[in-house]
Amino acid sequence: EADIYQTPRYLVIGTGKKITLECSQTMGHDKMYWYQQDPGMELHLIHYSYGVNSTEKGDLSSESTVSRIRTEHFPLTLESARPSHTSQYLCASSEAGLADTQYFGPGTRLTVL
Amino acid sequence: SQKIEQNSEALNIQEGKTATLTCNYTNYSPAYLQWYRQDPGRGPVFLLLIRENEKEKRKERLKVTFDTTLKQSLFHITASQPADSATYLCALESSNYKLTFGKGTLLTVNP
């Protein structure tokens with residue numbers, strides 16, 4: 001079992017609310033990632049970070065933002081949630097270097113009403 | 001554009017048989033390929049990695065092959081068990097050490 005944690009596991013909120021999805025890992029990994037996954041669909045990379053103070057947008061455009069102030073922490077924020085943001089959000093981490101295996105958290109299932 | 005195809009959305013097999021899942025890709029030249037398992041409502045779990053200069057990799061009942069000429073990887077589970085039922089994802093390095101995942105194949109092993 002990977003030492004990567006996500007909270008909350010489930011979140012139901014109303015349109016327009018600001019939310020932060022938490023992701024923490026205790027493995028000391030430099031690289032961290034956020035993916036979005038709809039049921040039966042592939043994972044889409046929305047943000048990644050190669051270390052502290054490094055953040056990049058992924059392949060899928062997202063209205064969310066991320067920060068990386070500490071190695072172990074990579075939170076994702078939505079300033080104003082909309083129903084189109086309803087999805088599963090998965091956080092992952094990997095060690096720096098080639099062929100890095102990614103370790104995933106359990107995910108946050110977000111529903112915006 | 002780069003594309004990953006896992007040729008079956010769903011595969012049903014009988015317990016004890018060998019499951020074979022396929023991953024095809026186009027417009028990639030990956031240095032390695034990875035396979036993950038994902039259970040419903042959970043994050044993927046890494047299973048195996050195979051590099052471009054390796055033809056085959058094994059781990060217990062799992063075997064992966066990688067044919068860079070055919071641009072294809074095969075993932076085998078021998079002596080399959082109901083507990084092997086899950087979605088299996090193929091992932092390729094896309095750029096800057098990022099992974100791109102296929103849609104996955106849902107494997108159901110019937111007792």
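To find a chain, count down the sequence lines: A is the first, B the second, and so on, and within it residues start at 1. Just the heavy atoms: all of them, side chains too, but no hydrogens, waters or symmetry mates, feed the values below. Bear in mind the structure is a predicted one, so any value in this text is a computation, not a measurement.
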> For A:Gln37 and B:Gln38, which I'm curious about, is there any donor-acceptor pair between the side chains at under 3.5 Å?
yes

> Identify whether A:Phe74 and A:Leu11 are in the same connected component of the hydrophobic contact network (ILVMFWY, side-chain heavy atoms under 4.5 Å).
yes

> Which bit of A:Gln6 is near chain B, if near means a heavy-atom gap under 4.5 Å: side chain, backbone, both or neither?
neither

> Taking every heavy-atom pair that is under 4.5 Å apart, which of A:Gln88, A:Met41, A:Arg109, A:Glu56 has the most such pairs with chain B?
A:Met41

> Would you name the heavy atoms of B:Tyr36 and A:Gln102 that are closest together and state the gap between them?
OH-N, 3.0 Å

> Which pair of non-hydrogen atoms, one from A:Tyr35 and one from B:Leu99, has the smallest distance, and what is that distance?
OH-O, 4.0 Å

> Step through the shown structure and confirm whether more than 12 heavy atoms of other residues, nucleotides or ligands are within 6.0 Å of CG on A:Leu113.
yes

> At their closest point, which heavy atom of B:Pro44 faces which heavy atom of A:Leu43, and how far apart are they?
CG-CD2, 4.1 Å

> Check whether more than 12 heavy atoms from other residues, nucleotides or ligands sit under 6.0 Å from atom CD of B:Glu60, and answer yes or no.
no

> Do the side chains of A:Thr101 and B:Tyr32 get nearer than 4.5 Å, heavy atoms only?
no

> State plainly whether one hydrophobic cluster holds both B:Leu89 and B:Leu49, where clusters connect Ile, Leu, Val, Met, Phe, Trp and Tyr through side-chain heavy atoms under 4.5 angstrom apart.
yes

> Would you say B:Ile50 and B:Ile77 are hydrophobically clustered, going by side-chain heavy atoms of ILVMFWY under 4.5 Å?
yes

> Is there a path of hydrophobic side-chain contacts, each under 4.5 Å between heavy atoms of I, L, V, M, F, W or Y residues, that connects B:Leu11 with B:Leu48?
yes

> Show your working on side-chain contact (heavy atoms from CB on, under 4.5 Å) between B:Ile4 and A:Glu42 and close with a plain yes or no.
CA-CA 10 Å; B:Ile4 299 173; A:Glu42 60 264 65; over 6 Å; no

